[in-house]
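Note sheet for the following structure.
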Amino acid sequence: MVNSFHSLLSTIALALLVPSVLAVPAHRAKCSKGRTASNDACCVWFDVLDDIQENLFDGGECGEEVHESLRLTFHDAIGFSPALTRQGKFGGGGADGSIMLFSDIETNFAANNGVDDIVEQQKPIAIKHQVSFGDFIQFAGAVGSSNCAGGPRIQFLAGRSNVTKPSPDHLVPEPFDSVTSILARMGDAGFKPDEVVALLASHSVAAQDTIDPKLAGHPFDSTPSDFDSQFFVETLLKGTLIPGDSLHKGQVKSPLPGEFRLQSDELLARDSRTSCEWQSFISNPNSMVPKFERAMAKMATLGQNPKKLIDCSEVIPVPRGRVKQPTLPAGKTIKDIEASCRKAPFPRLPTDKGTFTSILPVPSS
């Protein structure tokens with residue numbers, strides 16, 4: 001009986017010790033400036049963060065370099081085609097940094113027109129910190145996005161190799177492509193139509209530079225520093241004016257002075273395969289960022305094995321502010337909206353105060 005009592009006490013004591021053992025904090029790697037990380041390999045990214053926020057993103061702003069860095073994540077990653085691989089051809093390495101490693105080749109592709117500037121800005125920083133180009137491109141896009149008000153906090157996985165080959169040409173969709181062509185190209189890379197719409201949330205903080213160079217910096221919506229669903233509203237407004245001297249290939253009429261509209265955006269907003277998802281970001285704007293984060297996490301690992309990469313998402317800053325609720329621009333009414341989703345009515349939106357909305361181009365540094 002005594003032995004049984006002692007055994008019982010020992011069992012209870014052991015049980016009480018278990019929570020204490022489980023509560024021991026996991027090892028944290030010591031990084032620069034007193035920061036810590038869950039993995040030693042993540043420490044270098046704190047140093048890269050400091051560098052690009054100060055010297056690439058003008059102290060952490062959501063400006064031209066952010067827009068271009070976000071664009072570069074897509075242009076590097078979408079160079080990935082399982083269809084070409086099945087034909088016995090090289091289908092591209094996806095998010096592998098080839099657009100930077102072989103910049104003399106890939107920046108000369110017609111669809112990559114204009115990305116050479118941001119490649120040349122980023123490349124020396126990646127070399128300075130001795131990180132792979134594939135990792136750096138995705139990291140810069142994630143950090144830059146977090147600088148925008150209401151922006152996403154995109155997953156960042158590190159560990160991509162610089163061992164790759166130039167991407168094949170003609171894998172980046174063009175603004176003058178048909179919806180069918182765009183969805184087919186994106187489908188080949190593994191994206192469903194709804195995910196294509198989610199990725200276009202990036203256009204809420206984007207501007208054009210090359211379709212009409214005279215209008216360089218003209219944004220796609222009226223709030224180019226806010227990651228919000230205003231882009232999805234304004235793309236559904238009737239196009240009534242030409243912001244420049246004439247329409248260029250891949251451009252259609254704009255609804256607001258100073259705003260630039262891509263042909264592909266207008267078509268995707270009105271196509272039956274994508275229009276309801278497009279409208280969902282207007283009726284439920286809080287769904288936009290989570291869906292964009294998931295689509296970008298998928299984009300950033302095209303051609304990669306995520307299980308072999310290291311999660312360093314903790315280095316990505318927490319975005320400031322909340323998602324701005326969509327409105328009708330001043331001077332516009334619901335009659336100006338070309339609602340295209342037959343499954344749900346267009347939501348009621350407040351109208352901005354004033355007589356009309358005019359948009360200034362995004363300044364370049």
Given 3.5 Å as the limit, does a donor-acceptor pair link the side chain of [X] with the main chain of [Y], or not?
| X | Y | result |
| --- | --- | --- |
| Arg261 | Glu234 | yes |
| Gln208 | Ile211 | yes |
| Asn108 | Asp104 | yes |
| Asp96 | Ser161 | no |

State the [atom1]-[atom2] distance between [X] and [Y], to the nearest 0.5 angstrom.
| X | Y | atom1 | atom2 | result |
| --- | --- | --- | --- | --- |
| Ser229 | Lys324 | OG | NZ | 8.0 Å |
| Lys238 | Lys332 | NZ | NZ | 9.0 Å |
| Ser204 | Asp221 | OG | CG | 6.0 Å |
| Ser313 | Ile154 | OG | CD1 | 10.0 Å |
| Phe136 | Met100 | CZ | CE | 6.5 Å |
| Ser81 | Gln87 | OG | CD | 7.0 Å |

Check: Ring centroid separation for Phe227 and Phe292, is it under 6.0 angstrom?
Finding: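 They qualify: ring centres under 6.0 Å apart.
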Notebook entry, point to check: Is the closest basic N to carboxylate O distance between Asp50 and Lys33 below 4.0 Å?
Noted result: yes
Check: So does Glu68 pair up with Arg71, basic N to acidic O under 4.0 Å?
Finding: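 Between Arg71 and Glu68 there is a salt bridge, with a charged N closer than 4.0 Å to a carboxylate O.
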Report yes if some heavy atom in the side chain of [X] is under 4.5 Å from a heavy atom in the side chain of [Y]; otherwise report no.
| X | Y | result |
| --- | --- | --- |
| Phe74 | Val172 | yes |
| Val196 | Thr274 | no |
| Leu236 | Trp278 | yes |
| Phe231 | Pro224 | no |
| Thr351 | Thr333 | no |
| Leu349 | Thr327 | no |
| Leu262 | Phe176 | no |
| Val131 | Trp45 | yes |

Hey, are [Y] and [X] close enough side-chain-wise for a donor-acceptor pair under 3.5 Å?
| X | Y | answer |
| --- | --- | --- |
| Arg270 | Ser340 | no |
| Glu314 | Ser38 | yes |
| Glu259 | Ser222 | no |
| Thr235 | Glu266 | no |
| Thr107 | Asn112 | no |

I'd like to know if [Y] and [X] are part of one continuous hydrophobic network [Ile/Leu/Val/Met/Phe/Trp/Tyr, side-chain heavy atoms within less than 4.5 Å].
| X | Y | value |
| --- | --- | --- |
| Ile137 | Ile316 | yes |
| Leu70 | Leu157 | no |
| Leu72 | Leu56 | yes |
| Ile334 | Ile282 | yes |
| Val44 | Ile127 | yes |

Next item on the list: Hydrophobic side-chain clustering at under 4.5 Å (ILVMFWY, transitive links): who's grouped with Val252? Put none if nobody.
Entry: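 Its cluster partners, ordered by chain and number, are none at all.
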Margin query: Connecting only ILVMFWY residues whose side-chain heavy atoms lie within less than 4.5 Å of each other, what is the rest of Leu84's hydrophobic cluster?
Written below: Leu171
For the residue pair [X] and [Y], what are the closest heavy atoms and their distance?
| X | Y | value |
| --- | --- | --- |
| Pro306 | Thr301 | CG-CB, 4.0 Å |
| Leu247 | Lys253 | CD2-N, 4.0 Å |
| Ala198 | Ala295 | CB-CB, 4.3 Å |
| Pro243 | Ser254 | CD-CB, 4.2 Å |
| Asp40 | Ala29 | OD1-CB, 2.7 Å |
| Asp212 | Gly244 | OD2-CA, 4.3 Å |

Please list all pairs passing the disulfide (SG to SG under 2.5 Å) test where one or both residues lie in [range], with sequence neighbours left out.
| range | result |
| --- | --- |
| residues 94-207 | Cys62-Cys148 |
| residues 309-338 | Cys42-Cys312 |
| residues 227-258 | none |
| residues 218-262 | none |

Checklist line | ring pair (Phe, Tyr, Trp, His ring centres under 6.0 Å) pairs, two or more places apart, involving residues 324-355 | finding: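 For residues 324-355, and leaving out neighbouring residues, there are no ring pair (Phe, Tyr, Trp, His ring centres under 6.0 Å) pairs at all.
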Next item on the list: Report the C-alpha distance between Arg185 and Ile78 in whole Å, list the side-chain angles of each, state the deciding distance to 0.1 Å, and finish with yes or no for side-chain contact (heavy atoms from CB on, under 4.5 Å).
Entry: CA-CA 9 Å; Arg185 170 74 277 274; Ile78 202 60; 3.7 Å; yes
Margin query: By the salt bridge (charged side-chain N to carboxylate O under 4.0 Å, His left out) test, which pairs, at least two apart or in different chains, include something from residues 279-299?
Written below: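 Listed by first then second residue: Glu195-Lys298, Glu277-Lys291.
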Next item on the list: Enumerate the residue pairs fulfilling side chain to side chain donor-acceptor pair (under 3.5 Å) with a member in residues 130-153, sequence neighbours excluded, ordered by first and then second residue.
Entry: Gln53-Asn147, Ser132-Asp135, Asp135-Arg160
Next item on the list: Evaluate the side-chain contact (heavy atoms from CB on, under 4.5 Å) criterion for residues Val179 and Arg273: first the C-alpha distance (whole Å), next the side-chain angles of each, then the deciding distance (0.1 Å), finally the verdict.
Entry: CA-CA 9 Å; Val179 172; Arg273 291 164 287 185; 3.6 Å; yes
Check: Residues in ring pair (Phe, Tyr, Trp, His ring centres under 6.0 Å) with Phe220, at least two apart?
Finding: His203
Next item on the list: Could you tell me which residues satisfy side chain to side chain contact (heavy atoms under 4.5 Å, CB included) with Asp245, sequence neighbours excluded, listed by chain and number?
Entry: Lys214
Checklist line | Any residue meeting side chain to side chain contact (heavy atoms under 4.5 Å, CB included) with Cys31, in chain and number order, not counting sequence neighbours | finding: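 Partners of Cys31 under the side chain to side chain contact (heavy atoms under 4.5 Å, CB included) test: Arg35, Ala37, Cys43, Phe46.
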Checklist line | Audit row: His129, Asp47, side-chain hydrogen bond (donor to acceptor under 3.5 Å, both in side chains) steps and yes/no | finding: CA-CA 8 Å; His129 293 279; Asp47 299 327; 5.5 Å; no
Checklist line | Criterion side-chain contact (heavy atoms from CB on, under 4.5 Å) on Leu200 and Leu268, from CA distance to verdict | finding: CA-CA 10 Å; Leu200 286 172; Leu268 284 160; 3.5 Å; yes
Item checked: From CA spacing to verdict: side-chain contact (heavy atoms from CB on, under 4.5 Å), Met299, Leu199 -> CA-CA 9 Å; Met299 176 69 67; Leu199 287 170; 3.5 Å; yes
